[in-house]
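Worksheet for the structure shown next.
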Amino acid sequence: MKKKRISILGSTGSIGVNTLKVVKHLKDQFEVINLSCNQNIDLLIDQIKTFQPKAVSVLNSKSYYKLKNKLKNSNIEILKGKEGLLEISSRNNIDLLMNGLVGAAGMKPTLNAINQGIDVALSNKESLVMAGSIIKKAMKKSGANLFPVDSEHSAIWQCLIGEDTRDIRRLILTGSGGPFRTRALQTFNDISLKEALNHPNWDMGRKISIDSATMMNKGFELIEAYWLFDLPLDKIDIVVHPQSIIHSMVEFKDSSIKAQLGVPDMKVPIQYALTYPRHVEAPWERLNFFDCKDLSFQKPDYERFPCISLALESLDRLGTSGTALNISNDYTVSRFLNNEIKFTDIAKINKLAMRNHAWIKEPNLEDISRLETWVKDYVYSF
Ligand code: MG
């Protein structure tokens with residue numbers, strides 16, 4: 001059998017590491033062609049030894065020179081910086097690109113691969129939040145596909161297989177509610193970084209952990225679902241489900257509901273995006289129903305988590321609203337991670353950035369670049 005050739009962007013992050021675990025256990029089916037990381041070159045070197053990629057790209061320039069020096073006797077191609085990442089994501093010597101990048105930086109690599117006709121396993125939801133309409137147009141033109149890696153969207157994708165989209169009544173995105181689901185609202189101003197990083201069910205990178213704590217992540221997932229499944233906003237609902245066992249659901253017109261469930265482990269949706277349409281054997285932990293405590297469901301709390309409302313507002317306005325919201329959130333989260341702003345400032349500043357930017361109905365990539373500069377300055381003006 002011919003091996004599937006893949007590239008992994010963000011290979012030293014949480015999604016990248018889990019993708020390589022999947023690839024390792026399915027090593028007779030996959031060949032790693034390119035890897036990219038930000039700065040963790042010690043881990044990257046381990047990955048290079050194990051998976052023997054043809055090329056790697058390192059974003060941080062200090063780390064790039066360190067790696068160059070360490071691998072000077074090897075014939076691996078090493079690329080540098082943003083240009084390196086864009087170059088690697090534009091190559092068509094692969095069958096599938098895994099985009100495990102974090103934040104707005106993931107958008108152009110997604111688009112590059114799609115433009116080359118390469119299918120993308122998409123963990124970087126920000127690609128669609130930033131530039132959903134541009135990416136959809138590019139997909140139509142090249143015929144490339146997006147395979148969702150986000151656990152909720154993977155669940156919906158799996159529930160929809162074999163179904164007629166005319167029969168869908170609504171998509172039901174489940175969310176754990178994050179670490180502050182039951183915390184008293186009047187204490188939200190005192191939320192510390194450590195508390196916000198401590199997700200109850202999922203072990204994830206720092207940025208997405210904060211997005212889960214503000215529930216901006218769930219808001220972005222609404223936007224992601226909107227673009228992935230081509231359904232109007234009134235057909236996508238959020239249900240809080242603290243145990244994260246049901247990963248999402250689809251309700252049909254005859255009142256039948258399909259759910260996809262399992263232990264919360266990102267390797268499962270990652271593997272499915274890699275092996276689609278097969279559900280092949282995997283060694284991960286399995287759901288034991290008799291260990292499951294009660295499964296419970298609640299309405300999302302928009303007062304506690306105003307970031308969900310911001311996502312709804314951005315879908316109502318479309319154009320650059322999601323773009324501005326996404327860019328702003330990258331910087332507000334970064335400032336919160338650096339202890340420069342309070343937890344509650346994240347939503348406040350995101351809202352102002354989304355409402356006060358110069359809105360454009362059908363942005364192109366240059367408009368988005370200009371907006372990035374404006375939003376960054378705006379967020380740092382607080
Ligand atoms: Mg998710």
Side-chain angles (χ1 to χ4, degrees), residues 10 13-19 22 98-104 106 110 120-130 132 146-160 171-181 196-229 231 236-250 259-274 276 284 297-298 300 305 307-308 310-312 315 322 325-326 329-330 333:
S14 172
I15 293 293
V17 166
N18 279 313
T19 303
V22 171
M98 165 60 78
N99 186 345
L101 296 171
V102 176
T110 297
V120 177
L122 188 68
S123 164
N124 180 264
K125 66 195 80 182
E126 292 93 337
S127 292
L128 287 171
V129 179
M130 289 276 290
L146 283 181
F147 299 146
V149 170
D150 215 346
S151 58
E152 293 79 0
H153 305 75
S154 176
I156 290 170
W157 182 32
Q158 294 176 54
C159 290
L160 286 176
L171 309 180
I172 304 163
L173 282 173
T174 55
S176 68
F180 306 131
R181 185 176 53 88
L197 284 171
N198 187 20
H199 195 276
N201 305 340
W202 295 94
D203 179 18
M204 306 178 290
R206 284 160 68 84
K207 197 254 178 186
I208 189 167
S209 294
I210 303 302
D211 287 346
S212 295
T214 59
M215 290 195 79
M216 186 73 262
N217 183 55
K218 209 46 60 186
F220 285 161
E221 288 179 354
L222 266 179
I223 304 175
E224 186 185 10
Y226 172 87
W227 291 111
L228 279 174
F229 303 111
L231 284 168
I236 311 172
D237 286 332
I238 295 172
V239 169
V240 172
H241 164 49
Q243 297 82 13
S244 298
I245 296 296
I246 296 178
H247 300 316
S248 278
M249 300 178 263
V250 178
Q260 188 268 344
L261 49 159
V263 288
D265 177 351
M266 284 310 294
K267 292 190 290 300
V268 180
I270 288 171
Q271 174 167 311
Y272 188 66
L274 263 52
Y276 168 81
W284 333 126
F297 304 95
Q298 292 150 9
F305 302 110
C307 284
I308 309 176
L310 297 182
L312 290 168
L315 277 175
L325 177 61
N326 186 105
N329 187 66
D330 272 8
V333 169

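Atoms within a ligand are numbered from 1 in the order they appear, just like the ligands themselves.
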Which atoms of the protein, restricted to N, O or S, are nearer than 2.8 Å to the Mg ion (ligand 1)? Asp150 OD1, Glu152 OE1, Glu221 OE2
Is the shortest heavy-atom distance from the side chain of Asp330 to the side chain of Lys207 under 4.5 Å? yes
Is any side-chain heavy atom of Lys218 closer than 4.5 Å to one of Phe305? no
May I ask you to decide if the ring planes of Trp157 and Tyr272 are parallel, tilted or perpendicular, using 30° and 60° as cut-offs? perpendicular
Sequence neighbours excluded, the answer for side chain to side chain contact (heavy atoms under 4.5 Å, CB included) partners of Leu312 is Leu222, Leu233, Tyr302
Show me the pairs that pass salt bridge (Lys or Arg N to Asp or Glu O under 4.0 Å) and involve residues 239-248, at least two apart or across chains. none
In chain order, what residues pass the side-chain hydrogen bond (donor to acceptor under 3.5 Å, both in side chains) check against Thr110, with sequence neighbours excluded? Asn99, Ser127
